[in-house]
Amino acid sequence: LDVEMMYELAKDLGVKPVFIPMDADSYAEMLTAGTVDVTTGIPITVSTLRKVTFSAPYMDVNVGLLVRDHDRDRFADIETMRSTEGLTFGVMANKELDYFFNKMVEGFPDANIVRIESVEEFFDDDTGFYDAVLMAAERGSALSLVNPSYSAVVPRPRSISVPLGYAVAKGQREFADFISRWIDIKQKEHTFQRFYDYWILGQQAAANVEPRWSVIRNVLGWVE
């Protein structure tokens, strides 16, 4: 979604986009140094507000869990989780997510909270050590499209939502305001919703998937 939106921004500005990989904790330094002009998907928190200048939020994400598909009901309720002994949650090793790490520690004092470098550690866990990974439910939903044995869950009865914004170097208020107005345009013309439906909800992608091979369809020809 963020990459698609940056292509759209570059097209509207009449420039060619250049994407530069960076560590999740180094974006502020790279913006200040001019290595990058804008970064995407940054949670707007008290901590991040001190480091960079933000556009208006372009979406809110819900704090959720990525779990194995057969565990969805097990993690659907906060009180059920709290009453379950020995749970191990993975949390991304990202300083900007310390807020959520601390919330997990406070909310589940008896759980084992482990920092992980990548969600791949959860996908590659054949031992069942990790029960779930804390992440934005929207990101979990996108990951579950390509990893159907996993599901994103937002535990009841309440969830924490976090605004995401595009970050520019500290003090670049004019550029941030331009992006804010651009976000508003893209939302009103439904471009953002179209990208969201595709990349997060997988709606059009699912419609384009060929049906699975079957004897009834491909051999006997009983159905189209």
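Here the structure is a predicted model, which is why all the values come from computation and not from measurement. Just so it is clear, the values below take in all heavy atoms, side chains as well, and ignore hydrogens, waters and symmetry mates.
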Inset, instruction - Treating Ile, Leu, Val, Met, Phe, Trp and Tyr as nodes and any side-chain heavy-atom pair under 4.5 angstrom as an edge, say whether Val63 and Val67 lie in one connected cluster. - result: yes

Legend entry - Minimum heavy-atom distance between Lys170 and Leu49, given as atom pair plus value: NZ-O, 2.8 Å

Inset, instruction - Could you tell me whether the side chain of Val38 reaches within less than 4.5 Å of the side chain of Ile179, counting heavy atoms only? - result: yes

Legend entry - hydrophobic_cluster_shared for Val15 and Val3, side chain cutoff 4.5 Å: yes

Inset, instruction - Taking all non-hydrogen atoms of both residues into account, name the closest pair between Ser151 and Ser144 and its distance. - result: CA-CB, 4.2 Å

Legend entry - Contact summary for Met30 and Met22, nearest pair of heavy atoms: SD-CB, 3.1 Å

Legend entry - Steps toward side chain to side chain donor-acceptor pair (under 3.5 Å) verdict (Asn62, Ser161): CA-CA 4 Å; Asn62 295 287; Ser161 62; 4.9 Å; no

Inset, instruction - Look at the side chain of Arg181 and the backbone N and O of Phe178, then say whether any donor-acceptor pair between them is shorter than 3.5 Å. - result: no

Legend entry - Straight-line distance of Ile44 CD1 to Phe54 CZ, nearest 0.5 Å: 5.0 Å

Inset, instruction - Might you confirm whether atom CG of Asp73 has over 12 heavy atoms from other residues, nucleotides or ligands at distances under 6.0 Å? - result: no

Legend entry - Linked, directly or transitively: Val146 and Val153 (ILVMFWY side chains, under 4.5 Å): no

Legend entry - Enclosure of Glu120 CD (heavy-atom neighbours >12, cutoff 6.0 Å): yes

Legend entry - Close side-chain approach of Pro57 to Leu164, heavy-atom, < 4.5 Å: no

Inset, instruction - Using side chain to side chain contact (heavy atoms under 4.5 Å, CB included) as the criterion, point out the one residue from Leu87, Leu134, Val91 that pairs with Ile113. - result: Val91

Inset, instruction - Test side-chain contact (heavy atoms from CB on, under 4.5 Å) on Met81 and Leu65 and set out the steps. - result: CA-CA 12 Å; Met81 285 192 290; Leu65 297 169; 3.7 Å; yes

Inset, instruction - Could you tell me the separation between the CG atom of Leu143 and the CG atom of Leu66, rounded to the nearest 0.5 Å? - result: 6.0 Å

Inset, instruction - Have a look at Thr191 and tell me which of Gln193, Glu189, Gln187 forms a side chain to side chain donor-acceptor pair (under 3.5 Å) with it. - result: Glu189

Inset, instruction - Determine yes or no for a side-chain-to-main-chain donor-acceptor pair under 3.5 angstrom, with Ser83 supplying the side chain and Glu79 the backbone. - result: yes

Inset, instruction - Run the numbers on Met59 and Glu138 for side-chain contact (heavy atoms from CB on, under 4.5 Å), then give the verdict. - result: CA-CA 10 Å; Met59 67 180 291; Glu138 289 76 7; 4.2 Å; yes

Legend entry - Whether Tyr58 side chain and Gly41 backbone form a donor-acceptor pair below 3.5 Å: yes

Inset, instruction - Only one of Asp126, Asp125, Asp131 passes salt bridge (Lys or Arg N to Asp or Glu O under 4.0 Å) with Arg68; say which it is. - result: Asp125

Legend entry - Separation of Ile116 CD1 from Thr88 OG1 (nearest 0.5 Å): 11.5 Å

Inset, instruction - Output the distance between atom CG (Asp184) and atom OG (Ser55), rounded to the nearest 0.5 Å. - result: 11.5 Å

Inset, instruction - Would you confirm whether Thr48, through its side chain, and Pro43, through its main-chain N or O, come within 3.5 Å as a donor-acceptor pair? - result: yes

Legend entry - Trp199/Glu4 under side-chain contact (heavy atoms from CB on, under 4.5 Å): CA gap, chis, key distance, verdict: CA-CA 9 Å; Trp199 291 110; Glu4 186 87 80; 2.9 Å; yes

Legend entry - Proximity of Phe122 and Phe129 rings by center, below 6.0 Å: no

Legend entry - For the student: nearest non-hydrogen atoms of Leu145 and Gly202, plus distance: CD1-CA, 3.5 Å

Inset, instruction - Tell me whether Phe192 is reachable from Ile185 by hopping between hydrophobic residues (I, L, V, M, F, W, Y) whose side-chain heavy atoms are closer than 4.5 Å. - result: no

Inset, instruction - Decide yes or no on ring pair (Phe, Tyr, Trp, His ring centres under 6.0 Å) for Tyr166 and Phe175, but give the supporting numbers first. - result: CA-CA 10 Å; Tyr166 297 124; Phe175 187 25; over 10 Å; no

Inset, instruction - I would like to know whether Asp110 and Arg82 meet salt bridge (charged side-chain N to carboxylate O under 4.0 Å, His left out); could you show each step before the answer? - result: CA-CA 8 Å; Asp110 297 325; Arg82 284 177 176 160; over 6 Å; no

Inset, instruction - Kindly say whether Ser149 contributes a backbone atom to a donor-acceptor pair with the side chain of Asn147 at under 3.5 angstrom? - result: no

Inset, instruction - Calculate, to the nearest 0.5 Å, the distance between atoms CE and CG belonging to Met5 and Leu9 respectively. - result: 8.0 Å

Inset, instruction - Could you go through the side-chain contact (heavy atoms from CB on, under 4.5 Å) check for Ile200 and Phe195 one step at a time? - result: CA-CA 8 Å; Ile200 303 300; Phe195 292 161; over 6 Å; no

Legend entry - N-O pairing of Asp71 and Arg74 below 4.0 Å: yes

Inset, instruction - Specify whether Phe108 and Phe89 have parallel, tilted or perpendicular ring planes, treating 30° as the upper limit for parallel and 60° as the lower limit for perpendicular. - result: tilted

Legend entry - Minimum side-chain heavy-atom gap Met135-Val119 below 4.5 Å: yes

Inset, instruction - Please check if atom CH2 in Trp182 has more than 12 non-hydrogen atoms from other residues, nucleotides or ligands closer than 6.0 Å. - result: yes

Legend entry - Heavy-atom pair of closest approach, residues Val52 and Leu31: CG1-CD1, 3.7 Å

Legend entry - Smallest separation among heavy atoms of Thr39 and Ile42, with atom names: OG1-CG1, 3.6 Å

Legend entry - From CD (Glu8) to CG (Leu13), nearest 0.5 Å: 10.5 Å

